[in-house]
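Since the model is a prediction, treat every value here as computed from it, not as a measurement. FYI, the numbering just counts along the sequence from 1. In each ligand, atom 1 is the first atom listed, and ligand 1 is the first ligand listed.
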Amino acid sequence: MSGEPVLFTHWGAYRARIEAGRLVGVDPMPGDPEPSMIGRSLPGALDDAVRIRQPMVRAGWLADGPRSRATRGSDAFVPVSWARATALVAAEIRRVREAHGNSAIFGGSYGWASAGRFHHAQSQLHRFLNLCGGYTASVNTHSYAAGEVLLPHVIGSQDGLIKGHTPWPEIVAHTRLLVMFGGMPLKNTQVAAGGVGQHGVRDVLKRCRDAGAKFVSISPIRGDAPPELGAEWLAVRPNTDTALMLALAHTLLTEGLHDERFLAGWCVGFERVRDYLLGTADGRAKDAAWAALICGIDAEAIRALARRMAATRTMIAVAWSLQRADHGEQPYWAAITLAAMLGQIGLPGGGFGFGYGGSNRIGVPSHGIAWPAVPQRVNHVRDFIPLARLADMLLNPGDSFTYDGGTYRYPDIRLIYWAGGNPFHHHSDLNRLREAWRRPETVVVHEPWWNPLARHADIVLPCTTPAERNDLGIAGDEGHLFAMRRLVAPIGEARSDHEILRGIAAELGFEAEFTESRDEMGWVRHLYGEARKRAAARGLTLPPFEEFWERGDVRLPPPNRAPGLLEAFRADPAGAPLKTPSGRIELYSERIAGFGLADCPGQATWMEPAEWLGAPVARRFPLHLVSNQPRLRLHSQYDNGVASRSAKVAGREPLWIHPDDAAARGIAAGAIVRVFNDRGSCLAGAVLTDTMMRGVVQLATGAWVDADETGLDRHGNPNTLTLDKGTSGLAQGPIAHTALVEIERYASAAPVVRAFEPPALTTEVA
Ligand SMILES: Nc1nc2c(c(=O)[nH]1)N[C@H]1C(S)=C(S)[C@@H](COP(=O)(O)OP(=O)(O)OC[C@H]3O[C@@H](n4cnc5c(=O)[nH]c(N)nc54)[C@H](O)[C@@H]3O)O[C@H]1N2
Ligand SMILES: Nc1nc2c(c(=O)[nH]1)N[C@H]1C(S)=C(S)[C@@H](COP(=O)(O)OP(=O)(O)OC[C@H]3O[C@@H](n4cnc5c(=O)[nH]c(N)nc54)[C@H](O)[C@@H]3O)O[C@H]1N2
Ligand SMILES: [Mo]
C-alpha cells in the first residue's frame, strides 16, 4: 500500500483523500472484494453542523448543580473552556467518591466507540476510573448476553459464540445443508468489532453453493438470505424458533433418526429431553403439529426439514438476534440439543455455530492471538449489573436481582460517566430510560457529535474521531494490522478520550500512573511492540515499527488450518473433556435447574415470550417489530452521514411492511406512519415490500431519537417501542427483538425532524 493514508474502521479500511488539510473523500482499499457503503459518510460527518467543537455544560446544571436534573435532556448548553470543564469533572468525581463511595459512580459505558487499540474509549475510561478507586461496571454485551451466560453451562465455554467457530473453509468443503436461523444477512457482515480488513462472507457463501451445499433460511424476512444462494425460505413467526427446533428434535426422535451413540457418549441429560419432547410429564408432545400452530410453519415442512438434516452433513447456524429476545437462552440450548441429536458436533462441517451472519470475523480461520489492548488495571468495586438492567438500577437502588445463579443488589448511582457508547440508541424502552436517567446527580459524557446521548448529559466533553489521532488498528482474526496515522487536525477543540482523562487525572493527582509517562505515539509503539511479541510467540513475524508505520498495513498469512468447533472433544471426550460439571455437553444442566428459576429451567424449553404474535395482546398490537441492525450505518454511528440519510423516507427512518399489511391500514409507499404501543410512539417512512412476512415489520436500530414534548419520536428509533425486561433470571440479557406494535397513517401535518440540528446554546446566567 506504500504509505497511503488509511482510515481504518469497524466496517473496513479506506484510502483517505486529503486536500489542504481536509478529508475530502475516501476510496475503498484495493483488494477488498466488497467495501462497505458506510464509509461514504466519513468525510461529511467529520465537521458537520452537529460536531461538538468545545466543552459544554448544561445550563441548569451550571446554575443549580444536581438539583436541576429534572430538565436533563431538554436544557440549553453553555460553552466553557477545557480548564473549567476539567475542573468541574474532577470536583464531581471527588465529591461523589467522598460522600457516597466509588460504587456510586457508574462507569459501565457499554458501546462500540471507534476502531483503534489505543484510543479505545472504554479501555481508557475503565483504566482511568480504576486508578481513581473503581466504579460500578456492567457485564456481558448487547449482542449476545444470553449466549454468554448460557453456553459455559452447556458446553463449558463461549466457543461457537464469539470465537472458536467451525471455520468457513471446513464449511465449504464438508457442509451440504446450511440451516440458517435468522438467515445470513450480509448487511451485518460489513462489520466486525475492532475493524475489518477485507469483506469475504458473500464470496465464501457462493463457494459453499458452488460446492453443492443447499441453504434453508428460517427468518421473518426473506432478504436475510442473499438471493444468489437460492435458499429455501421458511417464514417463521418471530421468537418462536425454540418451538420449531423442538419439533425438529421430536421428528428425529420418533423416526429414529437421532444418534444414540453420540447422545450417550458425549452428552448428559438426553433422557430428560426425550421425556419433554414426548410430553411424558406435561402430556403435550412437542411434535410438528404442535409447533406449526406456534411458529406458523407447516407441520409437513418441519418433518421434511428434520429428515433432510439427518440425511446429510448439516450445519445449524443461528443468528445472535434469536437470543436478543425474551427467553433468549432457549433457542441456543434447543439448537445445541438438535445438533447433538444429529450427532455431527465436532465432525467436519457439522454441528452448530452462533453469529455466522452477524460479523465479518465469525468463521474466519484465525491464529487465535490475544492482541494487546490498553491495560485497564483492577476494579476494586464489587457492584455490577448485567448491562441491560441499567434503567432498573437507576430506578430501584437497593433492589435485588438474580444473575447466573447469584443474587445481588443494585447500587445507588450518583454519577454516570459514559464514553464510546450511546444508551439513548441502544437501550430498550427509551421513555423509561429517560426517566431513570434523571435520577443520578451528574452525567458526564465524551462524544464527537450532538447525538441523543450528548443531549442528555450535564457535562459534554468533545472527543476526536480516528482521522484526528494516531492509533494502531487490528482486524484481529484476519491478522491484519493498520497504521492509523492522524490525517487531519482535531475539529474545533476536540481532544482524544485519553487526553481528556489525562487532564482530569492531573487534577486528581494520578496523571503519571494513568499515562505511564507515554505520549500518544509512545503508546502506539508500545502496543505494536506487544503485538509483535505475541505474533512471534506463534512463530509469525511482524516488521519493526518504523517499517509498519511507513507501509500502512501488514497482514499475517492465514493459518494452514483452524480446528472445527468441539473437534478435539469429539475426538477424545475423556481426554479433552468440556469445562462443564459433567465434562460433556449438558442437554440437561443440574446446575441451572438448581438455580430454581421459573423462566430458565434445566433444559431447552418452550415458554411463551412476553409479547409475540400468539399472545392475547397481539389483538391490540398485531405487528411484530423486528429492530435489526442497520445496513447503512453502525448502530447510531453516522446516522448523520450521507449513507444513512440517503435511505430515509420522508426524512424518517424507513419502516418495512408487507404490502397487504400496509393496504389493510390505508398506508401507501413513502407515507409517514405512526408506530405505537403502550410504551411509546414514533414516526417512520413506509417502505412496502414482500420481503417481509405478513404480520412483521422492520425498523432498523440507530436513528437519532428526536422526541417532542409529548414523547413522540419524530425520527424513528425503535427503542421508543421495545420492552425493557431481561431474557430470564439467568442471563438478564436484553430482549430488543420482543415487541409488538400497531401502525397507522400519520394524518397530522408532519413535524420537522430536529435530530441533526445542534441543541440551543446559551451563556451563563450570572
Ligand atoms: N432495538 C434494538 N436495540 C439494540 C439492538 C437491536 O438489535 N435492537 N442491538 C444491540 C446491540 S447488538 C448493540 S452492540 C448495541 C450498540 O450500541 P452502541 O455500541 O452504544 O452504539 P453506537 O451507535 O455504536 O455507539 C457508539 C457511540 O460512541 C461514539 N464514538 C465513536 N468513537 C468514539 C470515540 O473515540 N470516543 C468516544 N468517546 N465516543 C466515540 C459514537 O458517536 C456513538 O455515539 O445496540 C443494541 N441495541
Ligand atoms: N451494517 C451493520 N452491520 C452490523 C451492525 C450494524 O450496526 N450495522 N451491528 C453489528 C452488531 S453489534 C451485531 S451484535 C451484529 C448482530 O447480528 P444479528 O443479531 O444477526 O443482527 P440482526 O440484524 O438484529 O438480526 C438478523 C436477522 O434476524 C432476524 N430475526 C429477528 N428476530 C428473529 C427471530 O425471532 N427468529 C428468527 N429466525 N429470525 C429473527 C431478522 O430478520 C434480522 O434481519 O450485527 C453487526 N453488524
Ligand atoms: Mo452488538
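For the pair Ser219 and ligand 2, a heavy-atom separation below 4.0 Å is found.
Classification of the Trp704-Phe756 ring pair by plane angle, with boundaries at 30° and 60°, yields tilted. Relative ring orientation between His456 and Phe424 is described as parallel, the plane-to-plane angle staying below 30° on a 0-90° scale split at 30° and 60°. Aromatic ring orientation, His426 versus Tyr110: perpendicular (interplanar angle above 60°, classes split at 30° and 60°).
The salt bridge (charged side-chain N to carboxylate O under 4.0 Å, His left out) pairs that include a residue from residues 486-495 number zero, where partners must be two or more places apart or lie in different chains. Applying the side-chain hydrogen bond (donor to acceptor under 3.5 Å, both in side chains) definition to pairs two or more places apart or across chains, those involving residues 180-194 are Ser36-Gln190.
Here Asp724 pairs with Arg389, Arg432 under the side-chain hydrogen bond (donor to acceptor under 3.5 Å, both in side chains) rule; sequence neighbours left out.
Within 4.0 Å of ligand 1, heavy atoms belong to protein residues Tyr110, Gly111, Trp112, Ala113, Ser114, Ala121, His142, Ser143, Arg324, Ala419, Gly420, Gly421, Asn422, His425, His426, His446, Glu447, Pro448, Trp449, Asn451, Cys463, Thr464, Arg469, Asp497, Ser627, Gln629, Leu634, His635, Ser636, Gln637, Thr701, Asn719, Thr722, Ala736, His737.
Close contacts of ligand 2 with Ile221, meaning ligand atoms under 4.0 Å from a residue heavy atom, involve 42 (O). Contact atoms of ligand 2 toward Asn239: 34 (C), 35 (O) (distance under 4.0 Å to a heavy atom of the residue). Near Ala319, meaning under 4.0 Å from any of its heavy atoms, are these atoms of ligand 2: 20 (O). Close contacts between ligand 2 and Arg631 involve ligand atoms 1 (N) [criterion: under 4.0 Å to a heavy atom].
Checking side-chain atoms of Glu148 against main-chain N and O of Gln158 turns up no donor-acceptor pair under 3.5 Å. Side chain of His10 to main chain of Gly194: a donor-acceptor pair is present (N/O by atom type, distance under 3.5 Å, no hydrogens or angles).
Residue-level proximity to ligand 2 for Leu322 is carried by the side chain, the only part with a heavy atom below 4.0 angstrom.
Of the N or O atoms in Pro238, none lie within a sub-3.5 Å distance of an N or O in ligand 2.
A salt bridge does not link Asp471 with Arg117: every distance from a Lys NZ or Arg NE/NH1/NH2 to an Asp or Glu carboxylate oxygen is 4.0 Å or more.
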